[in-house]
Number of protein chains: 2
Amino acid sequence: MARPGTPTRVRKKSSPGAEQTREALVDAAIAALREDGFGGASARSIAARAGCNQGLVFYHFGSVANLLLAALDEVSRRRLEEYERALSEVDDLPQLVAVASRIFQEDLDEGYVTVLAEMIGGASSTPGLGPEVAKRIKPWRSFAKAAVDRVLGGTGLATDDVAHAIVAVYLGLELLAQLDGDRKPAAALFEQASTFAPLIGSLT
Amino acid sequence: MARPGTPTRVRKKSSPGAEQTREALVDAAIAALREDGFGGASARSIAARAGCNQGLVFYHFGSVANLLLAALDEVSRRRLEEYERALSEVDDLPQLVAVASRIFQEDLDEGYVTVLAEMIGGASSTPGLGPEVAKRIKPWRSFAKAAVDRVLGGTGLATDDVAHAIVAVYLGLELLAQLDGDRKPAAALFEQASTFAPLIGSLT
DNA sequence: GTCTATACTTGGATAGAC
DNA sequence: GTCTATCCAAGTATAGAC
């Protein structure tokens, strides 16, 4: 939300190497996007979170936009790894909904989807950023399609469209949850979905 | 009425009246949010679009944030009016999907949902803006619920959750369409929905 | 590699002329 | 009511010391 209180510090003040600093900046950028949004993710605010100097943003990443893209890369890497792990347990639609529910809860708690949504929304005001963000969102969409194919494949359904809708719901629920500061409606929705999943599953 | 010697000046010729300027600024703010996003909607960029001076933003609205909220108000007013008109033609789920499809297409073409999504996303980086935006999004949610109730009411379904999901899909599809510069996936999704609507309708 | 200092730019906001 | 001028804060980015 809109910066109440002290921002999250992700690194203690010692004398680290280059790799530590890069990581600290990426983590700080994630935190900044999550807590202050795209507009609040400035070189200065990120560096303050990382406990290092503002100039290091440009030394290590060349520009703020590049650092934010690196943050998006990192979030994608972490989550898709977790998603793959979770998807391997899934065989049918009810299971998928249950797993998706748990994972989405994690995503909201950790603010990962916030990072996605803020980068997508923010891309419109930074020339050239859009295509780079799109490139990094693509794996999420591919994953969604793979998950849908796994449980609805061979049913003649247009899994492309279903996957697209799922990503849209994901982002939209995040926007609303962020706006309200309330994740309960999203949770309730997943509960509804889990009661309907067997029904839909039996239709196919 | 006008006394002799003091002709009533309806409007100065060289400069527009206050109301015209306000409207121009609001329209310009909508355009700025749509084309340049929240981050690109500065007092200077908006005033340039409106063809007037930057200082007038503060004279008429006090702050940029207030102008953006006025823009959101105007978008809500325009669209909800249109929505109400459209909803009155609707009696069942297939009709609702058809009407929603047409309206959503309009929303995308005119960039109305972009304004919503940008304001929601941008609110995280401007202290105090979140609650104000939430207040203005509420009518959209109420409308969605009313529409859902109209076609699914009395079926025991949790229409609150369904309406919440619909708003989420709406915002999410917009984010993705904006990112890709492509509205076709959203259109395809509505087409899918219109083939499934009768099926769901018959279930209830 | 990291820090300090600084040039440059943009944006929010106000004062005062017209 | 509108415009010009200006101040001030914040942000990007670079140079150079350590």
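Numbered from 1 within each chain, the chains take letters A, B, ... in sequence-line order.
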Minimum-distance nucleotide to A:Q54 side chain [options: C:dG12, C:dC3, C:dT6]: C:dT6
Can a cation-pi geometry be assigned to B:R22 and B:F61, taking NZ or CZ under 6.0 Å from the six-membered ring centre and within 45° of the ring axis? yes
Heavy atoms within less than 4.0 Å of DNA chain D: which residues of residues 60-73 of chain A have one? Give them sorted by number. A:S63, A:V64
Does C:dG11 have OP1 or OP2 sitting under 4.0 Å from an N or O in the side chain of B:S45? no
Testing the 3.5 Å rule here: is there a donor-acceptor pair between the side chains of A:Q178 and B:S124? no
Rounded to whole Å, please give me the gap between CG in B:D36 and P in C:dG11. 10 Å
For the pair made of CG in B:L56 and P in C:dG12, what is the distance, rounded to whole Å? 15 Å
Which comes earlier along DNA chain D counting from the 5' end, the contact point of B:Y59 or that of B:N53, where each point is its nearest nucleotide? B:Y59
Specify the separation, in whole Å, of atom CD of B:E23 and atom C1' of D:dG1. 16 Å
A:S42 vs D:dG11: side-chain N/O to OP1/OP2 distance below 4.0 Å: yes
Is it true that B:R85 and B:E81 have a side-chain N and a carboxylate O under 4.0 angstrom from each other? no
Could you walk me through whether B:R79 and B:E82 pass the salt bridge (Lys or Arg N to Asp or Glu O under 4.0 Å) check? CA-CA 5 Å; B:R79 293 316 280 164; B:E82 173 71 17; 5.2 Å; no
Calculate the interatomic distance between B:F58 atom CZ and D:dA5 atom C1'; express it in whole Å. 15 Å
Could B:R78 and B:E110 be called an ion pair, given the rule that one side-chain N must be under 4.0 Å from one carboxylate O? no
Identify which nucleotide among D:dC3, D:dT2, C:dG12 has an atom closest to any side-chain atom of B:A43, counting heavy atoms from C-beta outward. C:dG12
For B:D73, is there an ion pair with B:R77 - N to carboxylate O distance below 4.0 angstrom? no
